[in-house]
Visitor: 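Here it is: the structure, laid out below.
Only this structure's heavy atoms are used, side chains among them; waters, hydrogens and symmetry mates stay out. Start at 1 and go down the list; that is how both ligands and their atoms are numbered.
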Amino acid sequence: MTLRLGDTAPNFRIATTTGDIDFHEWAGDSWVFFFSHPADFTPVCTTEMGRTAQLGDQFTARNVKPLGLSTDSVEEHLKWIEDVNDTQNTTLRFPIVADKDHAIAGLYEMIHPGESETAAVRSVYIIDPTKRIRLMMTYPMSVGRNFTEILRVIDALQLGDKHKVAMPADWKPGDKVIIPPSVSNEKAKDLFPQGWEELRPYLRLTEV
Ligand code: BEZ
């Protein structure tokens with residue numbers, strides 16, 4: 001099965017570092033940042049796990065639960081977390097899925113045989129509270145992810161849902177947003193009484 005944007009994120013039951021979870025139940029009414037790693041006790045992964053832990057308050061402020069995945073056991077994950085905490089100067093509290101048999105990595109297409117038959121690549125899934133997949137990104141094993149971008153895209157998705165707007169290139173919170181072409185000027189007067197700047201009939205910028 002190929003996963004696409006808008007699909008329901010497949011459910012699963014699995015052991016994690018904070019106990020067994022049913023994914024959908026665990027996610028509840030939160031957004032989820034689900035991200036995979038090639039293996040425990042590897043350098044790039046250690047920095048990414050640490051960064052996620054350091055940003056715990058930022059994820060909570062956005063109603064986002066991080067969920068890591070690596071293809072090792074709970075015991076190995078727990079030992080690794082000690083290293084993450086020590087070297088990255090943090091306390092990792094979110095769960096890490098123990099996907100030793102690659103069941104979840106397979107379900108979420110995190111194994112790319114051209115890279116490795118056994119280790120997951122660096123996949124990111126942002127999943128909304130209705131369990132729909134809203135963003136998918138894949139990074140190679142050699143490049144750590146950009147967490148500023150991960151928080152930015154969560155902000156953009158949440159703002160888009162709230163105000164029915166789209167975000168321009170390199171948008172960041174506070175910047176102007178785009179009124180989608182599907183919204184007529186008539187309707188835009190109701191939705192955006194603050195007005196807008198019309199660069200082209202299809203390119204209208206407003207502030208929300
Ligand atoms: C790392 O996390 O450092 C890593 C893992 C697998 C391959 C290369 C780097």
Visitor: Is a side-chain donor-acceptor pair under 3.5 Å present for D72 with H77?
Guide: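 No, no side-chain donor-acceptor pair sits under 3.5 Å.
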
Visitor: Within the distance-only criterion (no hydrogens, no angle test), does the side chain of R204 pair as donor or acceptor with the backbone N or O of P180 below 3.5 angstrom?
Guide: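 Yes; judged by distance alone, with no hydrogens or angles, the pair exists.
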
Visitor: List by chain and number: which residues place a heavy atom under 4.0 Å from ligand 1?
Guide: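 Protein residues near ligand 1 are P38, T42, P43, V44, C45, R122, M141.
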
Visitor: Against P95, only a single residue in V74, D20, T16 fulfils side chain to side chain contact (heavy atoms under 4.5 Å, CB included); can you say which?
Guide: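 Checked V74, D20, T16 against P95; only one passes side chain to side chain contact (heavy atoms under 4.5 Å, CB included): T16.
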
Visitor: Can you tell me if S30 and N63 form a side-chain donor-acceptor pair at under 3.5 Å?
Guide: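 Indeed, the side chains of S30 and N63 share at least one donor-acceptor pair under 3.5 Å.
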
Visitor: Is the CD atom of E186 crowded by more than 12 outside heavy atoms at less than 6.0 Å?
Guide: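 Result for CD/E186: open.
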
Visitor: Parallel, tilted or perpendicular: which describes the rings of F35 and F94, with under 30° parallel and over 60° perpendicular?
Guide: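 Correct class here is tilted.
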
